[in-house]
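Chain letters run A, B, ... following the sequence lines, proteins first and then strands; every chain starts at 1. Since we're looking at a predicted model, the values are computed, not measured.
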2 protein chains.
Amino acid sequence: MHSISKENYLKTVYHSAGGSGEQVATSKLADKLEVSNAATSEMARKLSDAGLVNYARYKGVGLTESGEKIALQVLRRHRLWELFLIEILGMSWGEVHDEAERLEHCTSDTLINKIEEHLEFPKFDPHGSPIPDREGNLPAMPTLIPINQSVAGDTYIISKVVDQSSELINHITSLGIHLNSKIMIVDKLDFDESVRIKIGNEVHSLSKKVSEHIFVSELNNQDKI
Amino acid sequence: MHSISKENYLKTVYHSAGGSGEQVATSKLADKLEVSNAATSEMARKLSDAGLVNYARYKGVGLTESGEKIALQVLRRHRLWELFLIEILGMSWGEVHDEAERLEHCTSDTLINKIEEHLEFPKFDPHGSPIPDREGNLPAMPTLIPINQSVAGDTYIISKVVDQSSELINHITSLGIHLNSKIMIVDKLDFDESVRIKIGNEVHSLSKKVSEHIFVSELNNQDKI
DNA sequence: AGACCAAGTTAAGCATCCTTAAAAATAAAG
DNA sequence: CTTTATTTTTAAGGATGCTTAACTTGGTCT
């Protein structure tokens, strides 16, 4: 296994490169990792020697295939842990990030696979980010639309909630809305642009403001949590 | 938080000192931690400077009060993780030790308390070892005897297995012996000091060596796991 | 007691990952 | 196109935690 530092560098390169294999400036990594520029330059050379990044002096770093593989494994561990801590242990959104940040570096394949199994092979983490599978493949992202742009009569899956203010979260949680809840759009009222939705057998009304912060995906587009 | 190395040294001192605050030879620690004697001497000095152990050259180390506190916290994390991995995630005895060995060093109080809560405040880990509570207090232990000191004809509960080598664990697991299994002592053979036990309807023979590592408690003496 | 052996300690050095400060390369401006 | 400013890299050094090799110390044997 690679050192915690190396894993964090690779993860940060992955995030900074925005998916594609762009080159990332060492200074950008230094900012994100909160270390000196000198430290990132040195690490860039080491990771390059190890074949995990492409690095040419003054040109930034980009992940190689094997580097990306490791970054995706770290990401997988992070996102599965976050989901697990929230779903199974009842921790709050605010608490889980730092915890997962540490656990992601000391979790064997065996353990993370058990966690994945226990969560019934989720595809997305509590923030709606995709969880790489055992081979490092990312699931297809559903097309997300804010709930106020949904079509009355159609059925959707709650896929993402932006703005993590506890007020909003508590409000929608109290209505029985959770990530991956199945909902049906009853109707949309013109006069206040609110949306009425059906969850299970209950119908609730969502204000315009609330409905803008909840994103849904079409049912067929989504296999399972 | 203290470094992983420091936590491991303190834990090892605790285990080696056998509960009471005896002095432990640095060479004994070196053996258990699989590092050189030089490394333990140096660490002894550092831990002593930090007030975590009593250390006089050539006289070994012993935990101070604050050192023992840390050791017990590490122990608490280790044992709760082991139990959690087995009970909640369905991992095997053989798998959990190494896993817990890593997790114990990157688990916040918040998380370990959640785990404790989820397990409904267990008192003993999967090996029958006591789990320190949040204040570092150990629960009262049931009276344990090694199986080779049991009385033929009597019935007991498997309460503890020492030596966590996967070989031993796998062996006894394959015989159907688990923590809290009820067993009956069939007889004890003088010529090789082996013990024959009955589990369910099967009778198995345990060598002297194996029988020394399995501890049982009398049937009425046992509250819960 | 004196000599000897084993246990324990110090010394020197290495790997990792970080720092600050100086030097070099690139980019920008006149 | 040269000078300046900015970014990036190298150099030197520190902390941690380990190694091997040499040296003390303590205990034992005669």
Q | Distance in angstrom units between A/Leu29 CG and D/dT7 C1', rounded | A | 14 Å

Q | Side-chain donor-acceptor contact under 3.5 Å, A/Asn8 with A/His105 | A | yes

Q) Would A/Glu101 and A/Lys11 pass as an ion pair if we require N to O under 4.0 Å? A) yes

Q) Going by an N to O cut-off under 4.0 Å, is there a salt bridge joining A/Glu99 and A/Arg102? A) yes

Q: Shoot me the first and last contacting nucleotide of DNA chain C against chain B, ordered 5' to 3', at under 4.0 angstrom to non-hydrogen atoms.
A: C/dG8 to C/dA11

**Q.** Sequence-aligned protein contact record of nucleotides 9-22 of chain D, with B where the base is within under 4.0 Å of a protein heavy atom and S where only the sugar-phosphate is
**A.** BBB----SBBBB--

Q.
Quiz question: by atom type and distance under 3.5 Å, do the side chains of B/Glu167 and B/His171 form a donor-acceptor pair?
A. no

Q: May I ask you to check whether A/His2 and A/Glu7 show a side-chain donor-acceptor distance below 3.5 Å?
A: no

Q) Without hydrogens or angle criteria, can the side chains of A/Glu95 and B/Thr110 be said to hold a donor-acceptor pair below 3.5 Å? A) no

Q) Judged by modelled atom types alone, do B/Trp93 and B/Thr173 share a side-chain donor-acceptor pair under 3.5 Å? A) no

Q | Pairs flagged by ring-ring contact (aromatic ring centres under 6.0 Å, His included) wherever residues 35-64 of chain A is involved - sequence neighbours left out | A | none

